[in-house]
**Student:** 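The structure follows.
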Amino acid sequence: MTAPASTSDTTLGNNSHAARWPGRDRRPVRVRIAPSPTGDPHVGTAYIALFNYVFAKKHGGQFILRIEDTDQTRSTLASEEAILRALRWIGLQWDEGPDCGGPFGPYRQSERTAIYQQHSQALVDKGAAYRCFCSAERLEASRRARMAEGKSPGYDRLCRYLTKEEVSARLAAGDKYVIRLAMPLTGETRFFDGLRGDIVIDNATIDDQVLLKSDGFPTYHLANVVDDHLMQVSHVIRAEEWIISTPKHIQLYLAFGWEPPAFLHMPLLRNPDRSKISKRKNPVSLDYYRDAGFFPEALLNFLSLMGFAFGGDREKFTLAEMIEVFDWTKVSAGEPVFDLQKLTWLNGLYLHEMTPETLLTRLRAWRLSDEYLLKLIPLEKERIERMDQFIPAASFFLTGDLDYTGIISSLIPKNRDQLQTSQALSDLTDFLEEQVRHGWTHEALEKACRDFCEKTGWKTKELFMPIRIAVTGRAASPPLFETMVAIGKDLTRRRLRLAAQALLTYSAPVPAGTPAAAPATKSPPPAKPNKSS
RNA sequence: GGCCCCAUAGUCUAGCGGUUAGGACGUCGGCCUCUCACGCCGAAAACGCGGGUUCAAGUCCCGCUGGGGUCACCA
């Protein structure tokens with residue numbers, strides 16, 4: 001096949017100020033949120049969905065939900081369901097999606113594979129893409145060699161220059177292949193970002209991206225471009241991490257002969273240390289925020305504050321009010337740190353203005369539902385003798401974060417130090433993230449915790465107590481794994497991480513002569529929600 | 001490391017050439033009050049550095065520094 005060696009620059013958009021975005025685009029507004037169902041519903045998904053939603057509603061357009069489940073090894077239906085549930089919880093209802101359909105379905109990419117295969121084939125026929133037969137091993141070796149030469153580690157384009165005969169031979173031999181985009185080798189690709197203006201990237205720095213994997217599934221890049229076009233998406237509003245691959249997408253649109261949409265990249269939400277928000281450093285699951293007692297409207301309001309300024313020093317507002325005043329000049333490209341404390345304050349504002357009846361309704365929809373209490377009663381029933389003991393006994397089931405101040409020393413087993421314990425708790429949380437991603441059941445948890453001990457050399461006897469205290473705040477509790485199930489995945493992990501963190505920053509008060517403080521394990525103070533942190 | 005993005009207090013932000021640099025979270029102090037909380041009042045706290053342009057720069061330009069992202073048959 002011949003490689004098209006385009007030397008012309010590719011320019012999209014113009015130099016108009018970001019204020020005019022979408023500017024010249026006269027198409028009806030159609031935007032989408034396109035989560036990948038490979039984990040818990042992510043706060044970043046809600047953040048991007050929010051701005052898409054607001055923009056769509058502002059312009060009377062449609063907001064589409066598309067499931068990007070093209071990674072067969074990681075995508076699950078359970079994750080997809082959790083994401084839909086979480087987006088509904090937070091109050092961003094889509095107009096078209098896998099559950100409600102729409103004129104451009106299906107909205108689940110795994111059901112569109114024929115479309116992608118057909119489109120990638122068309123590109124091959126045109127000479128804009130080519131088959132690559134390189135093995136993973138060869139790719140790896142080539143990458144290493146290029147690194148050693150000081151070049152960028154991309155694909156060396158070996159198969160781009162295969163002759164027709166060679167390709168036919170490999171095909172006839174039944175060799176596995178992927179389809180790659182033949183990027184222009186020279187020139188530059190320029191596009192207009194709605195928040196930053198023109199962005200220019202040298203074509204020579206862009207890899208020949210894989211479009212179709214050897215399993216016949218598309219990569220994000222292909223599926224995303226094909227679907228955005230077929231679903232008539234007018235504006236692509238997504239996270240900043242996609243800026244670098246936008247030129248690949250533009251070249252794809254051009255290869256197909258399509259007009260690209262307008263692009264705008266939102267800043268990434270940050271951990272307190274300013275890295276991209278991640279579960280190790282900040283709770284990221286929307287389910288955590290729900291279980292920890294945050295109101296969806298408060299979380300949404302808070303998320304909008306991450307970059308958006310309402311005007312007039314106003315910080316508390318509804319979605320409808322935001323839509324009313326919204327435009328992109330009020331959105332900044334800065335990199336916002338997600339601050340749980342301020343979210344908590346804002347949530348308090350919402351709570352304080354509720355009538356008692358409303359709050360009661362909310363509480364009943366939360367942890368005071370029959371459904372939830374019925375999970376706790378079997379666990380506590382045999383441990384109490386009078387009804388009045390139930391609520392104190394079950395308090396840690398009804399709270400969000402725990403405060404370990406005062407009980408930290410009880411977390412550390414004999415013959416272990418605080419650092420080791422902290423590390424174990426933190427590693428265990430990572431381990432659970434991997435091993436119990438799906439099916440948060442007591443059997444799975446017990447197995448994972450035992451496996452973890454086996455792997456790390458901790459005895460179950462010494463590790464299970466710190467786990468128990470981290471999860472419940474007490475040394476005495478109902479069976480550990482059933483308790484973890486009732487409390488839920490997100491709150492459990494959060495408490496484990498908080499305890500690990502508390503251990504890390506704990507400086508043991510060893511005042512000589514002072515009698516050792518009574519371990520908090522004897523008469524546990526009722527767990528208090530930890531306002532800070 | 002290459003490429004790209006970002007840059008006002010610890011944090012979220014207002015500011016779009018002339019301001020005592022405004023608001024909010026958090027922190028500290030006070031008032032209110034039977035306690036706590038809420039509420040109210042007040043305080044400390046910022047334009048990363050260096051060059052330009054201009055009568056005048058937080059605001060425009062360049063460089064540096066710092067932070068981040070990205071370099072997958074993951075999205």
Side-chain angles (χ1 to χ4, degrees), chain A residues 17-19 34-39 42 44-45 67-75 109 132-136 139-140 143 146-147 150-155 176-180 188-189 191 193 195-197 199-207 209-224 238-248 265-277 302-316 329-346 348-349 351-353 531-533:
Chain A
H17 190 269
S36 178
T38 54
H42 200 278
T45 302
I67 296 296
E68 308 224 326
D69 56 346
T70 57
D71 184 342
Q72 282 302 283
T73 59
R74 296 197 305 145
S75 298
Q109 290 184 331
C132 168
F133 299 90
C134 292
S135 66
L139 254 23
E140 183 52 41
R143 251 193 288 270
R146 290 171 65 90
M147 293 272 262
K151 289 191 193 165
S152 67
Y155 178 52
K176 285 242 175 200
Y177 65 87
V178 300
I179 291 178
R180 287 181 185 270
E188 57 191 25
T189 301
F191 65 97
D193 179 278
L195 237 35
R196 304 152 221 271
I199 294 178
V200 185
I201 289 165
D202 192 342
N203 290 338
T205 65
I206 308 172
D207 211 358
Q209 181 63 49
V210 171
L211 302 178
L212 199 74
K213 307 181 221 178
S214 56
D215 65 2
F217 275 73
T219 58
Y220 167 87
H221 306 279
L222 206 228
N224 191 264
R238 65 206 332 182
E240 189 183 355
E241 57 192 329
W242 295 109
I243 287 182
I244 288 282
S245 37
T246 303
K248 289 176 183 171
H265 295 89
M266 291 297 293
L268 253 18
L269 260 23
R270 308 298 178 131
N271 293 315
D273 69 1
R274 297 201 170 272
S275 53
K276 172 162 100 169
I277 199 166
F302 177 73
L303 250 16
S304 67
L305 257 22
M306 303 276 89
F308 170 75
F310 190 92
D313 290 334
R314 192 129 167 239
E315 295 201 294
K316 182 172 178 290
T329 62
K330 295 179 173 169
V331 178
S332 95
E335 306 165 327
V337 172
F338 190 98
D339 181 4
L340 265 174
Q341 264 188 336
K342 186 155 181 175
L343 168 60
T344 300
W345 161 80
L346 187 61
L349 252 36
L351 191 147
H352 295 324
E353 71 178 21
K531 201 179 172 190
S532 57
S533 102

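In what follows, chains carry the letters A, B, and so on, assigned in the order in which the sequence lines appear, proteins first and then strands, with residues in each chain numbered from 1. Remember, predicted model here, so these are calculated numbers, not experimental data.
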**Student:** Could you give me the CA-CA distance, side-chain angles and deciding distance for A:Leu305 and A:Leu346, then say whether side-chain contact (heavy atoms from CB on, under 4.5 Å) is met?
**Tutor:** CA-CA 11 Å; A:Leu305 257 22; A:Leu346 187 61; 4.2 Å; yes
**Student:** For A:Leu212 and B:A75, give me the distance from atom CG to atom P, rounded to whole Å.
**Tutor:** 12 Å
**Student:** Report the nucleotide, chosen from B:G69, B:C73, B:G26, that has the shortest atom-to-atom distance to any side-chain atom of A:Gln341.
**Tutor:** B:G26
**Student:** Go through B:C6, B:U13, B:C3 for me and flag the one nearest to the A:Ala333 side chain.
**Tutor:** B:C6
**Student:** Between B:A75, B:C12, B:C38, spot the one nearest the side chain of A:His352, thanks.
**Tutor:** B:C38
**Student:** Should the side chain of A:Glu335 and the base of B:G67 be counted as holding a donor-acceptor pair, with the cut-off at 3.5 Å?
**Tutor:** yes
**Student:** Within this structure, what is the CD1-to-P distance between A:Ile201 and B:C5, rounded to whole angstrom?
**Tutor:** 7 Å
**Student:** Choosing from B:G69, B:A72, B:U13, which nucleotide comes nearest the side chain of A:Glu241?
**Tutor:** B:G69
**Student:** Ignoring hydrogens and angles, answer whether the base of B:C73 and the side-chain atoms of A:Ser214 contain a donor-acceptor pair closer than 3.5 Å.
**Tutor:** yes
**Student:** Assign A:Arg314 to base, sugar-phosphate, or nothing according to its heavy-atom contacts below 4.0 angstrom with the strands shown.
**Tutor:** nothing
**Student:** Which value, rounded to the nearest 0.5 Å, describes the distance between A:Ser36 atom OG and A:Asp69 atom CG?
**Tutor:** 7.5 Å
**Student:** Rounded off to whole Å, could you give me the CD-to-P distance for the A:Gln209 and B:C71 pair?
**Tutor:** 9 Å
**Student:** Side chain of A:Arg196 only, heavy atoms from C-beta on: which candidate in B:A24, B:C5, B:C73 is closest?
**Tutor:** B:C5
**Student:** Kindly point out which of B:C73, B:A75, B:U13 is positioned nearest to the side chain of A:Ser332?
**Tutor:** B:U13
**Student:** Between A:Asp193 and A:Arg196, is there a side-chain N and carboxylate O pair less than 4.0 Å apart?
**Tutor:** yes
**Student:** For A:Thr38, answer base if it contacts any base atom (sugar-phosphate contacts may also be present), sugar-phosphate if it contacts only those atoms, and nothing otherwise; contact means non-hydrogen atoms under 4.0 Å.
**Tutor:** nothing
**Student:** For A:Arg238, which contact category applies under a 4.0 Å heavy-atom criterion: base, sugar-phosphate, or nothing?
**Tutor:** nothing
**Student:** Hey, does A:Gly348 reach any base, or is it just sugar-phosphate, or nothing, if we go heavy atoms under 4.0 Å?
**Tutor:** nothing
**Student:** Could you work out which one of B:G23, B:A14, B:U70 sits closest to the side chain of A:Glu315?
**Tutor:** B:G23
